[in-house]
Amino acid sequence: MPVPDPSDDPLSRERAHLTHSRAALRSMREDVESLDIRDVTANWVNAEVLSRQIEERVKALADLSHTPLFFGRLDYLHSPGADQAEGAEGERFYIGRRHVHDADGDPMVIDWRAPVSQPFYRASKKNPLDIALRRRFGYTGGDLTAYEDEHLSDPADSAGDAATSKLLQQEIERPRVGPMRDIVATIQPEQDEIVRSGLGGSVCVQGGPGTGKTAVGLHRVAYLLYAHRDRLARTGTLVIGPNASFLHYIEQVLPALGELEVKQATVDDLVAHVEVRGTDEAPAAVIKGDARMAEVLRRAVRSHVTMPVEPVMVVRGSRRWRVPAYELEVIVRELLDRDIRYGAAREALPQRIAHAVLVQMERSGEAPDDRVQDAVARNTAVKAAVKSLWPPVEPAKLVLRLLSDADFLATHAEGLLTEDEQKTILWARPVRSVKSAKWAAADAVLIDEATDLVQRTHSLGHVVLDEAQDLSPMQYRAVGRRCTTGSATVLGDLAQGTTPWATRSWEEALTHLGKGDAVVEELTAGFRVPTDVITYASRLLPHIAPGLTPVASVRENPGFFEVRPATADSGDTAATMATEVVAACEELLRNEGSVGLIAADARVPLLAEALAAAGLPHLGPGEETTLTTRLTLVPASLAKGLEYDYVVLDEPRAVVDGEPDERTGLRRLYVSLTRAVSGLIVTHAAPLPPQLAEGVGTL
């Protein structure tokens, strides 16, 4: 019997292509590392810049052993035409996270963002996009172990639809140990449309738990950097998340896609003009976050401008030039009417006064030039007039006065805030200085608004705002200032709004953001949360976000789901529950993957003690799981945006009761219920919230 030729084995051929592609990538990296720039730079500054660029390029060409170099293949039917895809007749393209070419410059792997790669995500039986075959690859670690074909242009082949792809399902359901990973191999058509939307417009994505909205936003950044790299390199990009734990969780997604320069921040980071050491009661925070405060601040800033009562006398040599008070008033009122930034107007004022002097000089027969005007603008008398008429404003001091001086606040809040609202935000005790004030987070946002009234905030080319439903109107304005000349990707879920000021509609939020023309897209297909879990959690939707479409899970595996009431009759309910929670964690840790124990914030210390007593090591939110420590103890207030293979949810009633009102508590519970990827155990001794109580048990 003849020995089979390995070259006839498709899997062997694909493995060989992977080996050759990795070798080509290694050669690309070595070529960059060997560049000699000693004779091509004019000075040390250019040398430093070029060295930095080379260093970043080397990092971008890193070959991550456990990250597949390519995950798909496209075989085109025809050569390109005016209305056809960019593929040559019979040509084959391997689709991966980055471009790889051989020594002759021929592509071995095509970047997933390239136009020729788009059919990998969009092609279907109904619209094959000139694709004969789409092949998906399966990996174990970094080894190529399987492939799956879809013959899209063959009417006789009804199998292989992406919706039933086994490899696609396996990739979606793969255990999640460590930080969030990219979804570049599993992007769905509706997600791809958002990812590849243009830089010129803003997009708002409403997506329920597990619909991939965060991943879509991050992949859109990667796509925009590919399609508009030069522009965004100049203007910058920024990803804004709700807290540091969330940012740590997502921080590896863009680097895995070869993008190393995107900055990350929270809203608090953006407005960190003062040290935040205090907290507000919810009523005060809601008022401070109200959009009406923007007008209060504008009035307060402009109140520093005074009308002149005396002329300005400019002495130059033996001549004196007099600008009368009425002419100064005209200049000041014109600047006010232009409604430009306070600082910009203040910088323009001395030049306007100097121009009035130059007009008099010209009428007297002199011929002054721009140097004379600049000299007059720097004249002592002019500078004194500017200081008197348009004095400098320090934003933090302005906000300090508004919050500590009842008369000052009343003057500028008249017709905007009621007397009760003014009393609510006034500090109980006078504060002497900016440094001694116990600023709250909402105060820092007010200072940021005042800062922008004085001096324009730098605008970026693109901003991604995640978990946007939780921002106040003033926080939206703070983010919007960072992309006034750029675009935004807004991500969120109205059903997961858990702050007292959570937005009621995307139309309202986008207006405050300054992106009222943004397109709102809704993602309803769930790829992360198992069917039984999302069905259970969706019982809360009519009570927390009526009108929203429930998420429909596309997972073939229904997942593990169980509600476990306390079984012991011991009088020490807390100890009994802690024991049962620990037992549930131990049970789930027998499976592969990460485990999250989510509990009301007040119960976290008790559960931490119980885990320690049982010898179960655990991490805090945002800390990276390892093979030996896969359990994370998560306060419910920090669960948003995180995901775990398995979740134990402790005492749903306590999660609800930990919030200031029931609706917010039910939203917090909805978030906590939907963090699981493969299984969820709900443990409780107290009665479940009535919205969940009917028909519970093992599903």
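Since we're looking at a predicted model, the values are computed, not measured.
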Sorted by chain and number, sequence neighbours left out, ring-ring contact (aromatic ring centres under 6.0 Å, His included) with Y476 holds for none

Sorted by chain and residue number, the side chain to side chain donor-acceptor pair (under 3.5 Å) partners of R113 (sequence neighbours excluded) come out as D111, E259

* Asked: Do T211 and T524 touch side chain to side chain, with heavy atoms closer than 4.5 Å?
  -> no

Next on the checklist: For V464 and R220: C-alpha separation, side-chain torsions, deciding distance, then whether side-chain contact (heavy atoms from CB on, under 4.5 Å) applies.
Outcome noted: CA-CA 9 Å; V464 175; R220 186 180 182 214; over 6 Å; no

Give a yes or no on whether a salt bridge exists between E14 and R135, defined as a side-chain N under 4.0 angstrom from a carboxylate O.
-> yes

In this structure, CZ of R528 is separated from OH of Y644 (nearest 0.5 Å) by 11.0 Å

Interatomic distance, CD1@I240 vs NZ@K263, rounded to 0.5 Å, equals 13.5 Å

*Tell me, do F527 and T186 make a side-chain contact under 4.5 Å, heavy atoms counted?*
no

Rounded to the nearest 0.5 angstrom, the CD1-CG distance for I681 and L649 is 11.0 Å

Sorted by chain and residue number, the ring-ring contact (aromatic ring centres under 6.0 Å, His included) partners of Y121 (sequence neighbours excluded) come out as none

Determine whether a donor-acceptor pair (N or O, by modelled atom type, separation under 3.5 Å) exists between the side chain of R134 and the backbone of G72. no

Checking E467 side chain against T214 main chain: does a donor-acceptor pair fall under 3.5 Å? no

Those residues at least two apart in sequence (or on a different chain) that pass side chain to side chain contact (heavy atoms under 4.5 Å, CB included) with T140 are T145

In short, L631 meets C585 closest at the heavy-atom pair CD1-SG, 4.1 Å

For L673 and L680 the tightest heavy-atom approach is O-CD2, 3.7 Å

Note: I131 and L152 closest approach over all heavy atoms is O-CB, 3.7 Å

In terms of heavy-atom contacts, A114 and Y226 come closest through CB-OH, 3.3 Å

Tightest non-hydrogen contact, residues E521 and V203, listed as CG-CG1, 4.1 Å

Please tell me if the side chains of I534 and T674 come closer than 4.5 Å, counting only heavy atoms from C-beta onward. yes

Sorted by chain and number, sequence neighbours left out, side chain to side chain contact (heavy atoms under 4.5 Å, CB included) with T535 holds for T531

Output for pair (E651 CD, H684 NE2), nearest 0.5 Å, gives 7.5 Å

Practice problem: Decide yes or no for V563 and Y536: does some side-chain heavy atom of the first lie under 4.5 Å from some side-chain heavy atom of the second? | Solution: yes

field: Donor-acceptor contact below 3.5 Å, side chain R97 vs main chain G258
entry: no

Pairwise side-chain contact, R668 with S637, heavy-atom cut-off 4.5 Å (strictly under): yes

Side chain to side chain contact (heavy atoms under 4.5 Å, CB included) filter on A608, not counting sequence neighbours, yields H618, L633

So the salt bridge (charged side-chain N to carboxylate O under 4.0 Å, His left out) pairs with at least one residue in residues 183-196 (sequence neighbours excluded) are R122-D192, D192-R196

Value for CG (L607) from CG (D650), rounded to nearest 0.5 Å, stands at 5.0 Å

> Under 3.5 Å, side chain of S245 to main-chain N/O of P621, donor-acceptor pair present?
Replying inline: yes

Would you call E580-R564 a salt bridge at under 4.0 Å N-O?
-> no

Next item on the list: Tell me, with the steps shown, if H219 and Q191 meet side-chain contact (heavy atoms from CB on, under 4.5 Å).
Entry: CA-CA 10 Å; H219 286 68; Q191 296 174 326; over 6 Å; no

Exercise for review: Kindly indicate whether the side chain of V551, heavy atoms from C-beta on, has any atom under 4.5 Å from the side chain of V529.
Suggested key: no

- Item | Student check: side-chain heavy atoms of L18 and F137 closer than 4.5 Å | no

Report task. Could you tell me whether a side-chain N or O of N243 sits under 3.5 Å from a main-chain N or O of L638, the two making a donor and an acceptor? Result -> no

By side chain to side chain donor-acceptor pair (under 3.5 Å), H462 pairs with (sequence neighbours left out) S487, T489

All heavy atoms of K213 vs all of G208, minimum pair found to be NZ-O, 3.5 Å

When you look at L616 and L589, which way does the side-chain contact (heavy atoms from CB on, under 4.5 Å) test go after all the steps? CA-CA 10 Å; L616 283 183; L589 284 168; 4.0 Å; yes

Those residues at least two apart in sequence (or on a different chain) that pass side chain to side chain donor-acceptor pair (under 3.5 Å) with T499 are W501

- Item | CA sep, side-chain torsions, deciding dist, call: L611, L597, side-chain contact (heavy atoms from CB on, under 4.5 Å) | CA-CA 10 Å; L611 293 174; L597 169 56; 4.0 Å; yes

Only residue of Q469, K640, E659, R663 satisfying side-chain hydrogen bond (donor to acceptor under 3.5 Å, both in side chains) with T498 is K640

Taken in chain and number order and not counting sequence neighbours, the residues that satisfy side chain to side chain contact (heavy atoms under 4.5 Å, CB included) with L247 are I250, Q264, T266

task: Determine yes or no for a side-chain-to-main-chain donor-acceptor pair under 3.5 angstrom, with R667 supplying the side chain and I544 the backbone.
output: yes

Do E148 and R136 meet the salt-bridge criterion of a basic N to acidic O distance under 4.0 Å? no

Contacts of D493 meeting side chain to side chain donor-acceptor pair (under 3.5 Å) (sequence neighbours excluded), chain-then-number -> Q206, Q496

Does F120 form a ring pair (Phe, Tyr, Trp, His ring centres under 6.0 Å) with F71? I'd like the steps, not just the answer. CA-CA 10 Å; F120 184 79; F71 47 81; 5.6 Å; yes

Legend entry - pair D182-L218: side-chain heavy atoms closer than 4.5 Å: no

Across all chains, not counting sequence neighbours, the ring-ring contact (aromatic ring centres under 6.0 Å, His included) partners of Y94 are H17, F70

Query - R630 with D645: basic N within carboxylate O range, under 4.0 Å - result: no

So OG of S124 and CG of L129: to nearest 0.5 Å the spacing works out to 7.0 Å

